[in-house]
Student: 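One structure follows; several queries about it will come next.
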Amino acid sequence: MTPTTSSKPTSSLPASTTQTTEPTKTTLQSALTSTTLSATSIIESTTPQCRDEDCQCASGVCKYNSTLRRCQCQCQDAVYGDICAFGVNDTSAHIDTGAIPTRKTNFTLSIQMDFQLAFNDLNSTQSQEFINKLVLQLQALCKEADPQSFERVQIIKLSNGSVVAASLAEYKYLNNETQIQFVNTDLVGVLTDILNNTSNLNKISRAFDNSSVKLKEITFPPPEINNITDLHPYVDCTLFANYTAVISNGQWKCAGHCKTDPNYCNQHGECLNEIHKGPICRCYESSLQQFYGPRCEFFRRGPAFYGALFGSLAAVFLLLIVIIIAVYAKRKYTGIWKRSNSFNRRLSVLEDDFFDFSDSAYNNLGMKDPYLSEAYRPHLGNVDTQVQVTTDDPEVWDINP
């Protein structure tokens, strides 16, 4: 018998149903990125868009402020205010550097290599190739002398005698007195040392197949700008109204009229540099006094002053009335007191006379004096007033025998 071969049962289901597919990392990142972008686009679409008329900015741009939830003016540098209408007292001056004369330096290099007739034409291909190599090396060396003011290097002539390259280096004047003095005085020595340095000359030599390079001559023509004041014709302060070019800390700046004329508001208000109209005054006001006028030149009292004045006058008037009443009352009371005292004195005398029984028979409470008899009371009515009575002279006794 032929043995039967048993095989493992195979599934009739498709492979896609028997294997589990797991999302890859790239798929997750793509999904996350798309979700983020969708959320960002939703936020951007819900952010209100501001128009120029929503802010009425004098300068700057109108943008939505998510913190304040409203459109707001975003001011440029040196400008402030709700609508960006006011400028600071000092702003950077605009200098027309393209019109300012440069500080020029002429120097000549001698390169020991064969001179080609094409070098007589600086626009020829050979000349341009030579010039580009040389300028590349010289730019790095000349810029090292003063990186801020370095402008450019030019090859103005190629002459025979090996190759003599007449070159011109230019340095611009910056809005700085210290830098101007450096370019006019110190640059001469610094650049001469750089171009005479053996290491630097070797760099140029390697660019020309190790041909020997030597500095033949270097000259500095007289400067056209001697100090910071010579830059005044090139200073522009017309960006804001009524701004003036002034020198501050060795630099040109644009100063607002509020700074150049500190007494513009007569010390009675705050001076503001309106960038389109010029200086304006915001006059001081209080409840007691108020200043007004275009330059705060007028003055008037505030309502609180008159309130205090009339209140004080009313208080003084009331006090005066009280004093008058008090004086009147005092005088009236004094008169009554005097009359009362006079009456009391008269009454006292009357009482003394009326109630004095010392000479009468009834002085003892109306009772007769037990020691005084009626028989001894003299009767003056019976006296004869016509009787003449004579008396003897008194006898003098001598008591000293």
Side-chain angles (χ1 to χ4, degrees), residues 36-100 148 174-176 231-287 289-300 302-303:
T36 304
L37 291 175
S38 300
T40 303
S41 60
I42 291 173
I43 294 174
E44 291 179 351
S45 62
T46 57
T47 302
Q49 299 298 318
C50 296
R51 301 168 299 174
D52 292 340
E53 54 268 24
D54 295 332
C55 297
Q56 300 295 326
C57 302
S59 65
V61 294
C62 183
K63 288 190 176 181
Y64 183 77
N65 189 321
S66 57
T67 303
L68 300 178
R69 295 183 178 180
R70 62 182 177 86
C71 294
Q72 188 179 28
C73 295
Q74 288 191 356
C75 305
Q76 63 194 62
D77 292 340
V79 179
Y80 66 96
D82 293 338
I83 60 172
C84 305
F86 305 117
V88 298
N89 278 333
D90 287 316
T91 64
S92 300
H94 175 69
I95 307 294
D96 188 3
T97 55
I100 300 175
Q148 289 185 332
L174 303 179
N175 183 22
N176 187 296
L231 294 182
H232 184 254
Y234 311 100
V235 179
D236 182 15
C237 290
T238 60
L239 182 62
F240 298 153
N242 289 83
Y243 271 63
T244 307
V246 296
I247 297 176
S248 176
N249 297 323
Q251 294 182 338
W252 282 105
K253 291 187 177 181
C254 295
H257 194 81
C258 293
K259 181 177 181 179
T260 57
D261 185 7
N263 199 40
Y264 182 79
C265 295
N266 296 292
Q267 307 297 324
H268 297 148
E270 180 186 4
C271 184
L272 301 173
N273 298 299
E274 216 284 344
I275 60 176
H276 296 313
K277 300 179 182 179
I280 60 174
C281 292
R282 185 179 291 169
C283 301
Y284 297 142
E285 291 187 4
S286 67
S287 57
Q289 59 183 7
Q290 297 176 352
F291 295 95
Y292 66 99
R295 300 180 62 177
C296 304
E297 65 270 29
F298 302 115
F299 170 78
R300 62 189 171 203

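Given the structure is predicted, the values throughout are model-derived calculations rather than measurements.
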Student: Could you state the interatomic distance from NE2 (His232) to CD1 (Ile95), rounded to the nearest 0.5 Å?
Tutor: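 Spacing of NE2 (His232) from CD1 (Ile95) equals 9.5 Å.
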Student: Which residues satisfy the salt bridge (Lys or Arg N to Asp or Glu O under 4.0 Å) test with Lys253, sequence neighbours excluded?
Tutor: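 Lys253: no salt bridge (Lys or Arg N to Asp or Glu O under 4.0 Å) contacts found.
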Student: Distance check, rounded to the nearest 0.5 Å: Asn65 atom CG versus Cys73 atom SG?
Tutor: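 Spacing of CG (Asn65) from SG (Cys73) equals 11.5 Å.
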Student: I'd like to check Gln49 versus Tyr64 (side-chain heavy atoms, cut-off strictly below 4.5 Å). Are they in contact?
Tutor: no
Student: Mind checking the NZ-CZ spacing from Lys277 to Phe86? Nearest 0.5 Å is all I need.
Tutor: 9.0 Å
Student: For Gln148, does the CD atom have more than 12 heavy-atom neighbours from other residues, nucleotides or ligands under 6.0 Å away?
Tutor: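 No, because the 6.0 Å sphere around CD of Gln148 holds 12 heavy atoms or fewer from other groups.
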Student: Just do the side chain to side chain donor-acceptor pair (under 3.5 Å) check on Asn273 and Asn242 with the steps written out, would you?
Tutor: CA-CA 8 Å; Asn273 298 299; Asn242 289 83; over 6 Å; no
Student: Do Tyr80 and Leu272 pass the side chain to side chain contact (heavy atoms under 4.5 Å, CB included) test, and can you show the C-alpha distance, the side-chain angles, and the key distance before you say yes or no?
Tutor: CA-CA 11 Å; Tyr80 66 96; Leu272 301 173; 3.7 Å; yes
Student: Could you check whether any side-chain N or O of Asn175 sits under 3.5 Å from a backbone N or O of Trp252, counting only pairs where one atom can act as donor and the other as acceptor?
Tutor: yes
Student: Work out which heavy atom in Ile275 is nearest to a heavy atom in Cys84; give both atom names and the distance.
Tutor: CD1-O, 3.5 Å
Student: Cys55 and Cys62: sulfurs closer than 2.5 Å?
Tutor: yes
Student: Is the backbone of Cys258 close enough, under 3.5 Å, to the side chain of Asn89 for a donor and an acceptor to pair up by distance?
Tutor: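 Not at all, since once roles are kept as given, no pair shorter than 3.5 Å links the two residues.
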Student: Can you tell me if Asn249 has over 12 outside heavy atoms packed within less than 6.0 Å of its CG?
Tutor: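 No, not enclosed.
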Student: For the pair Glu53 and Arg51, evaluate salt bridge (Lys or Arg N to Asp or Glu O under 4.0 Å) and give the outcome as yes or no after the intermediate values.
Tutor: CA-CA 5 Å; Glu53 54 268 24; Arg51 301 168 299 174; 3.5 Å; yes
Student: Report yes if some heavy atom in the side chain of Asp236 is under 4.5 Å from a heavy atom in the side chain of Asp96; otherwise report no.
Tutor: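 Not touching, per the 4.5 Å side-chain cut-off.
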Student: How close do Cys50 and Lys63 get, heavy atom to heavy atom, and via which atoms?
Tutor: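 Smallest heavy-atom distance, with atoms named: SG-C, 3.6 Å.
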Student: State which residues pass salt bridge (Lys or Arg N to Asp or Glu O under 4.0 Å) with Arg69; sequence neighbours excluded, sorted by chain then number.
Tutor: none
Student: Could you check Val79 against Phe240 for side chain to side chain contact (heavy atoms under 4.5 Å, CB included), going step by step and ending with a plain yes or no?
Tutor: CA-CA 10 Å; Val79 179; Phe240 298 153; 3.5 Å; yes
Student: Please give me the minimum heavy-atom distance between Ser286 and Gln290, naming the atom from each residue.
Tutor: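 Looking at all heavy atoms of both residues, the shortest contact is O-CG, 3.7 Å.
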Student: So which atom in Ala241 and which in Gly278 form the shortest heavy-atom distance, rounded to 0.1 Å?
Tutor: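 Minimum heavy-atom separation between Ala241 and Gly278: CB-N, 3.7 Å.
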Student: What pairs of residues pass the ring-ring contact (aromatic ring centres under 6.0 Å, His included) test when at least one of them lies in residues 265-284, not counting sequence neighbours?
Tutor: His268-Phe291
Student: Once you round to the nearest 0.5 Å, how far does OG1 of Thr91 lie from NZ of Lys259?
Tutor: 10.0 Å
Student: If I take atom NE2 from residue His94 and atom SG from residue Cys254, how far apart are they, to the nearest 0.5 angstrom?
Tutor: 10.0 Å
Student: With Cys296, which of Cys283, Cys265, Cys281 fulfils disulfide bond (SG atoms under 2.5 Å apart)?
Tutor: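 It is Cys283; the other options fail the test.
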